[in-house]
Amino acid sequence: MIPGAPGTTTTMLPAAEAAKIYQTNYVRNSRAIGVLWAIFTILFAIVNVVCFIQPYWIGDGTDTPQAGYFGLFHYCIGNGLSRDLTCRGSFTEFSTIPSGAFKAASFFIGMSMALVLSCIGCFALFFFCSTGTVYKICGWMQLAAGTCLILGCMIYPDGWDSDEVKRMCGEQTDKYALGACSVRWAYILAIMGILDALILSFLAFVLGNRQDGLMSEELLGDGLAARA
């Protein structure tokens, strides 16, 4: 200490108080990240629903014999005589879906949609169950939804050799070879949804583990407070 300089005293926070401040900041940050996770989960659900119902997975091109577009189960093709399109296919009537691969892809994408919507429904469990447990349940559901999306997107091109697709895209069309047709935005959106599902599930597991760690720190803080 320099002679003549005013005396300075350094006070340190008690261990219990420091732990409480750290815990408060920890909870605040976790809640902010959790809110963002919930918002993006809802957006992912919207993307999933759009990919499931929209018939724009593949479509005609400049050199295709017929105009039209295909979704998972609904499709529309022209007749070559007019610009009117004839639409067929319904998820409730599997016999109207033109390919077994399209049926399987519809099932998996539908399962992915159901899982994500169920995950949103599980948000109500935050009021009744442990926060960490709910995050982990949602994480597993989002991981399963992403897996279903992967399977659906991989199986879908296996149905491109169906007669209806060849009628629109040409005879050179085959499995995983689209011929004169092109991939449309709904298929691309579904592929992007896979990455979204994997990121959200990873974040859910991280938040769940942080909540478990927070509970341990609460017990530690209570122990320090009891000793003080």
Spacing of [atom1] belonging to [X] relative to [atom2] belonging to [Y], to within rounding of 0.5 Å:
X      : Y      : atom1 : atom2 : result
Arg88  : Glu93  : CZ    : CD    : 13.0 Å
Gln142 : Asp196 : CD    : CG    : 8.5 Å
Ser162 : Arg167 : OG    : CZ    : 10.5 Å
Ile194 : Ile199 : CD1   : CD1   : 12.0 Å
Ile137 : Ser130 : CD1   : OG    : 9.5 Å
Phe73  : Thr92  : CZ    : OG1   : 8.5 Å

Any side-chain to backbone donor/acceptor pair from [X] onto [Y]? Under 3.5 Å, distance only.
X      : Y      : answer
Thr96  : Ser90  : yes
Ser106 : Leu72  : yes
Asn209 : Phe205 : yes
Tyr156 : Gly71  : yes
Tyr176 : Met154 : yes
Trp37  : Ser201 : no

Query - Stepwise side-chain contact (heavy atoms from CB on, under 4.5 Å) test for Leu149 and Asn48 - result: CA-CA 9 Å; Leu149 272 178; Asn48 220 317; 4.2 Å; yes

Between [X] and [Y], is there shared hydrophobic-cluster membership here, with clusters defined by ILVMFWY side-chain heavy atoms closer than 4.5 Å?
X      : Y      : answer
Trp57  : Leu151 : no
Ile120 : Trp140 : yes
Leu117 : Met111 : no
Phe44  : Tyr135 : yes
Ile109 : Met192 : yes

Is there a side-chain contact between [X] and [Y] (heavy atoms, below 4.5 Å)?
X      : Y      : value
Thr41  : Phe123 : yes
Met168 : Phe70  : yes
Val116 : Val47  : no
Cys153 : Tyr187 : yes
Leu203 : Leu207 : yes
Thr173 : Cys181 : no
Val165 : Asp161 : no
Ile155 : Phe107 : no

Query raised in the report: Of the options Ile77, Asp60, Leu85, which is the one that meets Tyr69 in a side chain to side chain contact (heavy atoms under 4.5 Å, CB included)?
Result: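 Among the candidates, only Leu85 passes.
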
Distance-minimising heavy-atom pair for [X] and [Y]:
X      : Y      : answer
His74  : Gly89  : ND1-O, 3.1 Å
Cys129 : Val134 : CB-CG2, 4.0 Å
Cys51  : Ala186 : SG-O, 3.6 Å

Query raised in the report: Can the SG atoms of Cys138 and Cys119 be said to lie under 2.5 Å from each other?
Result: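 Answer is no: Cys119 does not pair with Cys138 in a disulfide.
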
Query raised in the report: Does atom CZ of Phe202 have more than 12 heavy-atom neighbours from other groups under 6.0 Å away?
Result: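 Check fails, neighbour count at 12 or below.
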
Query raised in the report: Can we call the ring centroids of Phe52 and Phe108 under 6.0 Å apart?
Result: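 No; Phe108 has its ring centre 6.0 Å or more from that of Phe52.
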
Requested in this report: Take Phe102 and Phe94 through the side-chain contact (heavy atoms from CB on, under 4.5 Å) test and state the conclusion after the steps.
Outcome: CA-CA 10 Å; Phe102 287 0; Phe94 256 37; over 6 Å; no

